[in-house]
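Here the structure is laid out as structure tokens; the discussion comes afterwards.
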Amino acid sequence: MKDTLVNKILEHGQNLSDKPALALKQRTVNYKELAESTRGIAAVLFDKGIKRGDRLVLTCPSKIETIQLFLAIQYIGAIGVYADKNASQSSIEYLYKDTDARFLITDKKYDTENNGIKIITAKSVCDPEAWKGLTPPAYIEPEESEVAELIYTSGTTGNAKGVMRTYKVLNGLTHAIIGDKGITGDDRVLEPMPLNHAAAVDEVIVTLYVGGLVVLQNGFIFTNDVQKNIEQYDCTILGAVPAALETLLSEYGDRFGEVLGRLRCLTCGTSTFSVALQKEVVRRLPNTNVSSGWGSSETASALSYSVSEYLKEGEGKISGTIPPLGRPLKEVEVRILDENGGIINDSSEEKPGRMAIRSSYIMAGYWNKEELTGETIRDGWVLTSDLVFRGDDGMIFYMGRIDDIINVGGEKASPVEIETVADTFPEVAESACIGVDDPEKKLGKVPVLFVVPQNGVFSEAALKRYLADRLERYKVPVAYIPLTELPRNAMKKLNRNELRKIWENRNEKPGEDLPENNPVIQALLTRRSIRTYTDREISRELLDLIVKTGYYAPTGHNMQTWQFYVLQGKEKISRLKDTISETVKNVGGIFYGFENPNAVIIVTNDVRNEGALADSSAAMENMLLAAHALGLGGVWIGVLTGLRDREPVKSLLDEYGIAENHVVSGIINLGYPASKGHLLAKKTDVVHYI
């Protein structure tokens with residue numbers, strides 16, 4: 001019997017029949033059921049005429065059915081082409097045409113007129129009723145060279161490319177990851193990442209291979225789900241990207257360690273796991289192994305290291321400005337090449353080179369792109385676009401993409417290094433650097449820096465002085481462009497191509513005739529949730545002004561049925577916090593994010609007003625924006641909504657004089673920020689012009 005995932009699932013179906021394999025919210029599927037669904041769905045696909053080698057485009061929502069389809073497609077020897085769960089019409093048409101697919105399997109609505117796309121709904125094939133009366137075909141074990149799946153790259157330059165992953169690739173990376181992470185059948189892996197990306201697919205494959213539990217979750221948007229899943233399923237491993245960790249740090253505040261400290265291992269892959277974020281996460285999770293790694297669709301997981309252990313060896317090791325990527329996994333070889341393809345044996349920060357990777361599980365090539373495959377794979381080595389150097393202890397350090405390195409008059413400037421230093425400036429929330437043509441036409445290229453300010457504004461002169469004290473002169477940016485957020489792709493990776501477009505299309509007179517620079521617009525675009533505060537008191541004058549902006553908000557029919565209750569003083573605020581915590585515990589809920597505010601505003605509204613929640617929301621948003629504009633931090637907390645009649649909250653609200661017919665719409669915590677908070681990425685696919 002060959003060592004394939006399908007064979008393992010069929011084996012687990014007998015030996016681990018009652019053990020949970022997949023979970024989503026309250027639903028679980030055990031290994032016996034997973035084996036049955038693999039055969040059953042395969043029978044339906046086979047009955048529809050799908051044969052070995054056929055390509056099937058599959059949209060991949062974070063659902064149990066997606067994993068069931070992964071396995072069934074491999075069972076019949078077809079090739080899964082994984083698409084984003086919200087893939088656009090044009091993206092689907094491209095994948096379908098590029099792979100000459102037989103069917104698109106999805107429950108989303110797509111236009112199929114005049115484009116040759118044939119749809120099978122996921123619901124129709126995953127419904128056990130559809131399997132009745134059908135006999136699954138015999139499972140024919142694949143050859144190592146057969147293509148199992150196509151993972152399409154994000155395509156930041158040109159069209160996306162289909163990375164061919166054969167059964168040899170899947171088998172090799174499975175055993176490499178098991179060896180690196182020590183994953184066993186006792187592990188329960190929380191998987192919030194998109195299921196069309198290699199990192200998520202690999203975690204699912206490995207966990208099911210060893211007989212563990214995969215707990216599915218739809219991203220990190222709802223941080224309550226992370227805590228609920230970790231507690232409900234006693235999760236031991238969580239895979240995340242840096243942007244997700246920033247979100248969790250912002251939302252959980254001091255409870256970050258309490259929630260994620262239950263994990264055995266927290267993994268965060270990608271080159272954007274900054275030094276500062278690494279140190280902060282390790283500090284908060286002293287008993288969890290925080291690990292980092294690097295891989296691509298072409299190489300799969302290739303580099304890895306324990307950040308926790310590395311810091312224990314000496315914090316100075318990653319106190320510099322160049323972030324580490326990791327050391328090669330056991331089966332991986334790394335070469336560092338010069339511009340002519342020669343091997344650099346003595347690479348260093350001053351002498352970096354292009355990273356090349358060889359292992360038993362690099363991709364077989366790009367689908368239908370032989371010439372590009374030949375350019376990317378040379379003598380069994382995948383040539384990456386990453387500029388790196390090797391440390392004395394074998395650690396690989398990342399300086400940026402080769403195309404992003406800035407040639408300043410013959411000197412090489414790493415945008416990653418510049419960003420790492422800039423991000424330590426107190427007025428900078430995050431930054432991104434690119435090279436542009438030297439306006440003085442002397443140096444070829446020069447660095448410019450895009451800045452997301454901490455509180456909407458920053459001093460360009462102060463930032464420039466700060467960088468000049470810490471970087472070589474040629475690395476100091478010549479221009480500084482404020483942004484409300486940095487452009488990122490679906491995996492929250494920085495999109496430097498978009499930054500180049502912003503630079504090329506910039507106004508020739510920055511700050512003039514740009515409505516985005518209006519202070520009101522800036523407050524709207526830069527406000528963020530701040531949960532931790534200093535001990536500095538808020539003056540009564542400021543509180544009066546903030547509350548005034550609340551009752552100047554619009555209300556339906558000008559009813560103005562809201563009420564505002566303002567608390568100050570540690571004892572009063574602590575009593576409110578303790579009372580809420582006790583009540584939430586009594587009802588079996590979750591309460592977090594209430595740290596050490598200097599003032600609390602409770603907003604209530606009359607239950608008889610049908611528009612009460614909308615009216616209160618407008619008032620609360622006004623007050624949060626006013627606080628931000630005045631240099632304060634604030635956060636909207638909705639925990640009291642629904643607790644009006646629950647003890648001991650009810651007695652405390654009665655004591656405040658809140659009327660029986662008023663419910664709490666929400667509370668606002670205010671204070672002078674003790675931490676910068678995070679400007680979280682916003683969805684851009686929610687606006688529709690009709």
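Residue pairs meeting the ring-ring contact (aromatic ring centres under 6.0 Å, His included) criterion with at least one member in residues 345-367: none, sequence neighbours excluded. The ring-ring contact (aromatic ring centres under 6.0 Å, His included) pairs that include a residue from residues 408-450 are Phe425-Tyr466, where partners are two or more places apart or lie in different chains.
Using a 4.0 Å cut-off between charged side-chain N and carboxylate O, Glu339 and Arg354 make no salt bridge. A salt bridge does not link Arg358 with Asp379: none of the charged nitrogens is closer than 4.0 Å to a carboxylate oxygen.
The ring-ring contact (aromatic ring centres under 6.0 Å, His included) check on Tyr94 picks up nothing, with sequence neighbours excluded. In this structure Ile178 satisfies the side chain to side chain contact (heavy atoms under 4.5 Å, CB included) test together with Thr174, Val206, Tyr209, Val210, sequence neighbours excluded. By the salt bridge (charged side-chain N to carboxylate O under 4.0 Å, His left out) test, Asp437 pairs with Lys445, sequence neighbours left out. Scanning for side-chain hydrogen bond (donor to acceptor under 3.5 Å, both in side chains) contacts around Asp346 gives Lys351, with sequence neighbours left out. Residues passing the salt bridge (charged side-chain N to carboxylate O under 4.0 Å, His left out) test with Lys369 are Asp98, sequence neighbours excluded. In this structure Glu411 satisfies the side-chain hydrogen bond (donor to acceptor under 3.5 Å, both in side chains) test with no other residue, sequence neighbours excluded. Residues that satisfy the side-chain hydrogen bond (donor to acceptor under 3.5 Å, both in side chains) test with Tyr82, not counting sequence neighbours, are Glu149. In terms of the side chain to side chain contact (heavy atoms under 4.5 Å, CB included) criterion, residue partners of Asp338 (sequence neighbours excluded) are, by chain and number, Asn340, Ile344. Qualifying side chain to side chain contact (heavy atoms under 4.5 Å, CB included) partners for Ser297, counting only residues two or more places apart in sequence or in other chains: Ile151, Thr153, Val163, Ala198. Under the rule for a side-chain hydrogen bond (donor to acceptor under 3.5 Å, both in side chains), the partners of Arg283 that lie at least two apart in sequence or sit in another chain are Glu280.
Ser292 contributes a side-chain N or O that, together with a main-chain N or O of Cys268, makes up a donor-acceptor pair within less than 3.5 Å. A donor-acceptor contact shorter than 3.5 Å is absent between the side chain of Glu427 and the backbone of Leu463. Between the side chain of Arg284 and the backbone N or O of Gly253, at least one donor-acceptor pair lies under 3.5 Å. A donor-acceptor contact shorter than 3.5 Å is absent between the side chain of Thr299 and the backbone of Ala302. Under a 3.5 Å cut-off, the side chain of Arg470 and the backbone N or O of Ile418 do not form any donor-acceptor pair. The main-chain N or O of Leu263 is found under 3.5 Å from a side-chain atom of Thr288 such that the two form a donor-acceptor pair. Looking only at distances, no side-chain donor or acceptor of Arg401 sits under 3.5 Å from a matching main-chain atom of Arg496. Listed for the Ser359 side chain is no donor-acceptor partner under 3.5 Å among the backbone atoms of Glu331. Glu191 contributes a side-chain N or O that, together with a main-chain N or O of Met193, makes up a donor-acceptor pair within less than 3.5 Å.
Side-chain contact between Pro328 and Leu303 is present, with heavy atoms from C-beta onward closer than 4.5 Å. Residues Leu173 and Arg165 have side chains in contact (heavy-atom distance under 4.5 Å, counting atoms from C-beta outward). Within the 4.5 Å cutoff, side-chain heavy atoms of Thr376 are placed close to those of Met363. Contact check for Val476 versus Lys464: side-chain heavy atoms found under the 4.5 Å cut-off. The side-chain heavy atoms of Val428 and Tyr480, taken from C-beta on, include no pair separated by under 4.5 Å. Counting heavy atoms from C-beta outward, Glu246 and Leu277 have side chains that approach closer than 4.5 Å.
Ser306 and Ser308 form no side-chain donor-acceptor contact under 3.5 Å, judged by distance and modelled atom types alone.
Ring-plane geometry between Phe389 and Phe397 is classed as parallel, the angle between the planes falling under 30 degrees on a 0 to 90 degree scale with a further cut at 60.
Here the CZ-OG1 distance, from Arg335 to Thr384, works out to 13.5 Å after rounding to the nearest 0.5 Å. Taking CG from Asn289 and OG1 from Thr267, the interatomic distance works out to 9.5 Å, rounded to the nearest 0.5 Å. Remark: Leu245 CG to Leu260 CG distance equals 8.0 Å, nearest 0.5 Å. Atom CE of residue Met164 and atom OG1 of residue Thr373 lie 5.5 Å apart, to the nearest 0.5 angstrom. Put simply, CG on Leu170 and CD1 on Ile205 are 5.0 Å apart, with the number rounded to the nearest 0.5 Å.
None of Ile405, Asp403, Val416, Ile336 except one satisfies the side-chain contact (heavy atoms from CB on, under 4.5 Å) rule with Leu387; the exception is Ile405. With Ser431 as the fixed residue, the side-chain contact (heavy atoms from CB on, under 4.5 Å) test singles out one of Thr420, Ile481, Leu449: Leu449.
Across all their heavy atoms, Cys433 and Glu419 have their closest contact at N-OE2, 2.8 Å. Closest heavy-atom contact between Thr534 and Ala674: N-CB, 3.8 Å. Minimum interatomic distance between Pro447 and Ile406 (heavy atoms only, all atoms of both residues): CB-CD1, 3.8 Å.
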May I have the step-by-step check of side chain to side chain contact (heavy atoms under 4.5 Å, CB included) for Ile396 and Asp386, ending in yes or no?
CA-CA 11 Å; Ile396 304 297; Asp386 299 292; over 6 Å; no
Tyr310 and Asp393: side-chain hydrogen bond (donor to acceptor under 3.5 Å, both in side chains), yes or no, with the steps?
CA-CA 11 Å; Tyr310 203 59; Asp393 58 355; 3.2 Å; yes
Kindly determine whether Lys412 and Glu350 satisfy salt bridge (Lys or Arg N to Asp or Glu O under 4.0 Å), including the steps that lead there.
CA-CA 9 Å; Lys412 300 294 192 297; Glu350 292 73 31; over 6 Å; no
